[in-house]
Amino acid sequence: MTKITSRHYVFAGLFAVVTVSMMLNYSPDTVVSAETQKMYDFVESLPAGSTLIISFDHEASSLPEIRPLALAVLRHAFRNDIKLIGTALLSEGTGVGYRLMQQTANEFNKSYGVDYVYLGFKPQYIAAILSMGESISRTYPVDYLGKTYSEHPMLKDIDTYNDIAGVISIADGSLTTHWIEYGNARFGVRISAALTAAMVTTYDPYLSSGQLEAIVGGLRGAAEYEKLLNIGGGGKRGMLAQTASHLYVLILVIAGNVMYFRRRSSGRGNT
Amino acid sequence: MSRRLPQIVCLLFGLIMFTLYFLDHPTAKQINTLILVDYWQIIFAFTLVVGVISFIRNHVTAISRGNDRLYRLLSLFGVVLMPILALIWGIKGDSPFMWVFENVQVPLQSTVFSLLAFFVASAAFRGFHARSGPAAVLLIAAFLTILSRSSLEGLLPDFIPDIAVWVRNNPSMAARRAILIGIGLGSLTTSLRVILGIERTWLGGEK
């Protein structure tokens, strides 16, 4: 039988912290950060009827964090009567993206083909971004549902990035970089991103240089965005569990250091 | 000749794509779109075939040797089953393919990903110690950043989020910029070496 070690207690503790916090029906208040406000202001600044590309550039593994972010951004766009074109640069994001767009569109009584279209997945992300800059209709002759590009009234006057207001990449990795390096640098399209928390600092230089319009990041970003929209959602719901687990990790760090220095002062270990 | 031909193709297409990137002429645009939309996708389809064959061969070999037989059989079963579901009922909407994706793959991947939190907690306890000056600085920066990303407004002094923002916008961003510039220069030199035929390891191991 496996001997129970300190690691197992740490695992059990984290499980208990997350489970109990999820069971409590309480959401801590969140102050909106400047970067989330910027993202909100960007979407808010777009006139009704303008078109955004929402690109689902994530894998299935990050869905618990991506879903609240994506829903908040989609709800904001639909609420402001912005027309949406859905794409996916990773195959795993394709089905997820369609479901999220469909769900949000139903909430706001939006019609497929008129208010939103889902073009789906295109392999080879760099090629997809570059060729959409030349011609979106040529890159996606048919949409995710198998309908031809020209069938959709909202796509009638849209064929390149010049015809859209920007791209919001919902990503858990480096794919937003390609939107910046090819979409923005080559074609000048405005790029924003909804990112998992782990990826936010990766994009700070792009945000600072203005190559990236705005960022909303992580579960906290989702909670802040929901607050700005004055709605509930997965971000707000998950903040207590995230805060509790962060505090738990901090307590572990302190405990680990106390034990380490005690061991070192007693001469039982210096590494 | 078996090496020379791929090298010539690589050089040719490297130069063509490089040139097309900067041209605005309609013909150049047409060629660019043709290569990006059609040819690149055909190459991608072949890489998928290579990947699938390699995956099956690897698993069949491992199964015949008795290594992780059950898991590998399950993986192979998935590789065979999913295309069958896709071919019969399609991959969209409420198809069985999407059901398996949403109810098997998504929860499995999310679970594996979330296990990271447990390992991070364990690593924080066992390994994140202020063993030296730089380690102590890293520890304090991480401490403040975690605090600032939690919903503890009202409980924390105002300067803590301010310090976390400063760390992110100054030392962290400087390091990121340096890494990005390094990656950019590295990619540029590697691409040039491949296009010019100086780097030939991609042809099968020769330096």
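Each chain gets a letter, A, B and so on, in the order the sequences are listed, and its residues count up from 1. Quick note: numbers below take in every heavy atom, side chains included, and nothing from hydrogens, waters or symmetry partners.
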Report task. Start with the C-alpha gap between A:E134 and B:N32, add the side-chain angles, then the distance that decides, and say whether side-chain contact (heavy atoms from CB on, under 4.5 Å) holds. Result -> CA-CA 8 Å; A:E134 305 290 352; B:N32 198 20; 3.1 Å; yes
Query raised in the report: Which is it for B:F143 and A:L250 under the side-chain contact (heavy atoms from CB on, under 4.5 Å) test, yes or no, and what are the steps along the way?
Result: CA-CA 7 Å; B:F143 211 93; A:L250 291 180; 3.6 Å; yes
Report task. Carefully, step by step, assess B:F118 and A:V10 under the rule side-chain contact (heavy atoms from CB on, under 4.5 Å). Result -> CA-CA 8 Å; B:F118 289 87; A:V10 168; over 6 Å; no
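Remark: B:M98 CE to A:T94 OG1 distance equals 8.5 Å, nearest 0.5 Å. In this structure, B:K29 NZ and A:R138 CZ are separated by 14.5 Å, a value rounded to the nearest 0.5 Å. Taking CG of A:L252 as the reference point, atom CZ of B:F128 lies at 12.5 Å (rounded to 0.5 Å). In this structure, CD in A:E59 is found 6.5 Å from CD in B:Q109, a value given to the nearest 0.5 Å. Remark: B:L152 CG to A:T243 OG1 distance equals 5.5 Å, nearest 0.5 Å. Taking OG from B:S151 and CE from A:M239, the interatomic distance works out to 3.0 Å, rounded to the nearest 0.5 Å.
Interface remark: B:Q30 contributes no atoms to any contact with chain A (heavy atom separation under 4.5 Å). For B:L34, the parts sitting under 4.5 Å from any heavy atom of chain A are the backbone and the side chain alike. Heavy atoms closer than 4.5 Å to chain B are found nowhere in A:E224, neither backbone nor side chain. For B:R149, the parts lying under 4.5 angstrom from a heavy atom of chain A are both the backbone and the side chain. Of the two parts of B:A123, neither the backbone nor the side chain holds a non-hydrogen atom closer than 4.5 Å to a non-hydrogen atom of chain A. When heavy atoms are compared at a cutoff of 4.5 Å, B:L180 approaches chain A solely by way of its side chain, counted from C-beta outward. Of the two parts of A:L219, neither the backbone nor the side chain holds a non-hydrogen atom closer than 4.5 Å to a non-hydrogen atom of chain B. Contact of B:F101 with chain A is made through the side chain alone, with heavy-atom distances under 4.5 Å. When heavy atoms are compared at a cutoff of 4.5 Å, A:Y206 approaches chain B solely by way of its side chain, counted from C-beta outward. In this structure, chain B has a heavy atom under 4.5 Å from the side chain of A:L247, while its backbone stays farther away. The contact between B:S148 and chain A is made entirely by backbone atoms, counting heavy-atom distances below 4.5 Å. For a residue to count as touching a neighbouring chain, one of its non-hydrogen atoms must lie under 4.5 Å from one of that chain's; by this rule A:D29 touches chain B with the backbone only. Within the 4.5 angstrom heavy-atom criterion, only side-chain atoms of A:F261, from C-beta onward, approach chain B. Proximity to chain B is limited to the side chain of A:S6, based on heavy atoms less than 4.5 angstrom apart. Heavy-atom distances place the side chain of B:L139, and not its backbone, under 4.5 Å from chain A. Proximity to chain B is limited to the side chain of A:M259, based on heavy atoms less than 4.5 angstrom apart. Neither the backbone nor the side chain of B:F97 comes within contact range of chain A, judged by heavy atoms closer than 4.5 Å. Looking at A:E92, the atoms closer than 4.5 Å to chain B (heavy atoms on both sides) sit in the backbone and in the side chain alike.
Side chain of B:Q41 to backbone of A:P123: a donor-acceptor contact under 3.5 angstrom is found. Looking only at distances, a side-chain donor or acceptor of A:R220 sits under 3.5 Å from a matching main-chain atom of B:S150.
Between chain B and the options A:K122, A:H8, A:R99, A:Q102, the largest number of non-hydrogen pairs under 4.5 Å is found for A:R99. The greatest number of non-hydrogen atom pairs below 4.5 Å with chain B, out of A:T201, A:T139, A:T30, is found for A:T201. Most heavy-atom pairs under 4.5 Å with chain B, from the set A:Y144, A:F15, A:Y98: that is A:Y144. When each of B:F113, B:F119, B:F22, B:W40 is checked for heavy-atom pairs under 4.5 Å with chain A, B:W40 comes out on top. Per-residue heavy-atom pair counts under 4.5 Å with chain A were compared for B:D38, B:L108, B:N169, B:I35, and the maximum is reached by B:D38. In terms of heavy-atom pairs under 4.5 angstrom with chain A, the leader among B:T111, B:I146, B:V165, B:V106 is B:I146. Most heavy-atom pairs under 4.5 Å with chain B: of the set A:V253, A:I254, A:V18, this distinction falls to A:V253. Top candidate by heavy-atom pairs under 4.5 Å with chain A, chosen from B:R168, B:E102, B:R177, B:Q105, is B:R168. Chain B forms the most heavy-atom pairs under 4.5 Å with one residue out of A:S27, A:S135, A:S208, A:S245, and that residue is A:S208.
Side chain to side chain, B:S110 and A:S61 fail the donor-acceptor criterion of an N or O pair below 3.5 Å.
For B:F55, the CZ atom sits in a packed shell: over 12 heavy atoms of surrounding residues, nucleotides or ligands are nearer than 6.0 Å. Within 6.0 Å of atom OH in A:Y161, more than 12 heavy atoms from other residues, nucleotides or ligands are found, so the atom counts as buried in its surroundings. Counted within 6.0 Å of CZ on B:F44, heavy atoms from surrounding residues, nucleotides or ligands total more than 12; the atom is thus considered enclosed. Other residues, nucleotides and ligands contribute more than 12 heavy atoms inside 6.0 Å of the CG atom of B:N170. In the displayed structure, B:D94 atom CG is contacted under 6.0 Å by at most 12 heavy atoms of other residues, nucleotides or ligands.
Ion pairing of B:R176 with A:D204 is absent here, as no side-chain N (NZ or NE/NH1/NH2) approaches a carboxylate O to less than 4.0 Å.
In this structure, B:R131 is positioned above the aromatic face of A:Y260, its NZ or CZ under 6.0 Å from the six-membered ring centre and within 45° of the axis.
For the pair A:Y182 and B:Y21, the minimum side-chain heavy-atom distance is below 4.5 Å.
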